[in-house]
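The structure appears below as structure tokens.
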There are 2 protein chains.
Amino acid sequence: MDKALLEASFKHYFDQMGYGIDWQYFTQSMQIQPVRKGEFLFQQGEKVDRLYFLHTGQVRYVSVSETGKEYTQSFAKSPRIIGSTRATIKGTKALFGIQALEDCMIISYPWHSFFDEMRQDKGFLECYCHFMEQIFILKEEKESSFVKDSAEKRYLDFCVDYPELKDKIPQQQIASYLSITPVALSRIRQRLKRT
Amino acid sequence: MDKALLEASFKHYFDQMGYGIDWQYFTQSMQIQPVRKGEFLFQQGEKVDRLYFLHTGQVRYVSVSETGKEYTQSFAKSPRIIGSTRATIKGTKALFGIQALEDCMIISYPWHSFFDEMRQDKGFLECYCHFMEQIFILKEEKESSFVKDSAEKRYLDFCVDYPELKDKIPQQQIASYLSITPVALSRIRQRLKRT
DNA sequence: AGAAGGAATTAACCCAGGTTAATTTTGAGA
DNA sequence: TCTCAAAATTAACCTGGGTTAATTCCTTCT
């Protein structure tokens, strides 16, 4: 794997947002990490102290309740920063795990030293705010669809939002994203077929 | 109303978070705005271009669906920044309104000039990131309780989280926060009484 | 190709919460 | 204090999704 290329991809991701980040601060050691389909980047409950950047591939954020039911919080597609902002910032355990939906290439940096250097940089802070805003808006949209829409509507929305995943990942995972059982999803699909 | 006092309260709110904000940048004209119980600071669909600070009182964030059903997204208690980050940043219409649950005192500043000055200030940016993180964490918690808990559990949690609101606001509003009908909430309360 | 284990479908039954509507309680204004 | 409208309760009925379990359909491994 070409390290310089990955690093360039990472920087390009930030730069294209239009914030002037001063990369001279950026001297951290990068780590390259391939993650195979089905494997976890990290599991729920682990401490996360790195900033992850998904260079290629797709992942899902998944949490498991005490009663053993899994819930897919969201999907993410490269190129993108991934990880648990919450856990990383607070230094606590992650409330969810990140699982590869296909073979992925992920690079990472130690968060604290990264952030300590980067907080010196206004461009980075702005960029970070922007990132927070984006996932915040996504969360708001998911919340509202939860409250307002039926499971059927949410499934149809899913098919539009993630056409590439619709026939690629197991239905269980789709069901857990919609927060229904696989049985209920199967019923919905059947209902849709018949019309 | 003592303008200097309000301004001090606003600054104190930021300062206590421990970020060194350079208030010399802060030359914006402040606007004082009392909002009476039941009135709206702004309605869903309005353009919001001010930064609001809730000095005293409590409010709720409420959105109305196309079918006319209202949903209470969250409650906020002074002292706190309130408003629609999303709408303010993007310059779009607010997806919810803010209604006073009691007589409130609110101060505000024009957002864009405020932010343009403040983005010069690293302390402010950090503080803003921190604010985003906080509401983000709240959103995550609400999402997870939605998926994992029954309406009854959510009502009991509400009673713990907002003891001061439990007997103060109409049950309709509590129901709309739990995302159930007032009828269902009444049933739940009755069930709880009987045990 | 055959075996085995997981994924999806289908069916039967249950229950929480929605809907509608009638009834009672509450509270603000005259 | 009385009045009237809005809020809350209660009842009857309905529906979507959960649960369990049996069956079929893939995959993948040998």
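Throughout, protein chains are lettered first and strands after them, A, B, ... in sequence-line order, and every chain is numbered starting at 1. Note that this is a predicted model, so its numbers are computed, not measured.
- Per the geometry, CZ belonging to R191(B) stands 14 Å off C1' belonging to dT10(D), to the nearest Å.
- Atom P of nucleotide dT10(D) and atom CZ of R189(B) are separated by 10 Å, given to the nearest angstrom.
- Sorted by first and then second residue, the pairs that involve residues 164-182 of chain B and meet salt bridge (charged side-chain N to carboxylate O under 4.0 Å, His left out), not counting sequence neighbours, are K77(B)-E164(B), E102(B)-K168(B).
- Using a 4.5 Å heavy-atom threshold, the side chains of L101(B) and Q173(B) count as touching.
- No close placement of the Y52(A) and Y109(A) rings is indicated, their centers lying 6.0 Å or farther apart.
- For Q16(B), the side chain to side chain contact (heavy atoms under 4.5 Å, CB included) partners two or more places apart in sequence, or in a different chain, are H12(B), Y13(B).
- Considering only heavy atoms from C-beta on, Y177(B) stays 4.5 Å or farther from L165(B) through its side chain.
- Contacts of residues 149-177 of chain A with DNA chain C (heavy atom under 4.0 Å): P170(A), Q171(A), Q172(A).
- With sequence neighbours excluded, no residue forms a side chain to side chain donor-acceptor pair (under 3.5 Å) with Q33(B).
- The backbone N or O of V64(B) sits less than 3.5 Å from a side-chain atom of Q44(B), completing a donor-acceptor pair.
- Annotation: side chain to side chain contact (heavy atoms under 4.5 Å, CB included) contacts of K47(B) (sequence neighbours excluded): K93(B).
- For K37(B), the side chain to side chain contact (heavy atoms under 4.5 Å, CB included) criterion is met by D103(B), not counting sequence neighbours.
- Spacing between atom CZ of F146(B) and atom P of dG17(C) amounts to 11 Å, rounded to whole angstrom units.
- Sorted by first and then second residue, the ring-ring contact (aromatic ring centres under 6.0 Å, His included) pairs with a member in residues 81-107 of chain B read Y61(B)-F96(B); sequence neighbours excluded.
- Axis deviation across the helix from dA1(C)-dT30(D) to dA30(C)-dT1(D) amounts to 40°, comparing end segments of five pairs, rounded to 10 degrees.
- In this structure, the side chain to side chain contact (heavy atoms under 4.5 Å, CB included) partners of Q134(A), at least two apart in sequence or on a different chain, are H130(A).
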Exercise. If the sugar-phosphate is the primed atoms plus P, OP1 and OP2 and the base is the rest, what is the B/S/- string for nucleotides 25-30 of chain C, using protein heavy atoms under 4.0 Å?
Worked result: ------
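- Looking at R60(A) and E70(A), a side-chain N of the basic residue comes within less than 4.0 Å of a carboxylate O on the acidic one, giving a salt bridge.
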Could you write out each protein N or O paired with an N or O of nucleotides 18-22 of chain C at a distance under 3.5 Å?
unit_1	atom_1	unit_2	atom_2	d
dG18(C)	OP2	T181(B)	N	3.2
dG18(C)	OP2	T181(B)	OG1	3.0
dG18(C)	N7	R187(B)	NH2	2.7
dG18(C)	O6	R187(B)	NH1	2.9

Taking distance alone, no hydrogens or angles, what donor-acceptor pairs closer than 3.5 Å link side-chain atoms of residues 153-163 of chain A to residues at least two apart or in another chain?
unit_1	atom_1	unit_2	atom_2	d
K153(A)	NZ	D157(A)	OD2	3.3
R154(A)	NH1	L178(A)	O	2.4
Y155(A)	OH	R189(A)	NH1	3.2

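- Within the 4.0 Å cut-off from OP1 or OP2 of dT10(C), at least one side-chain nitrogen or oxygen of Q190(A) is found.
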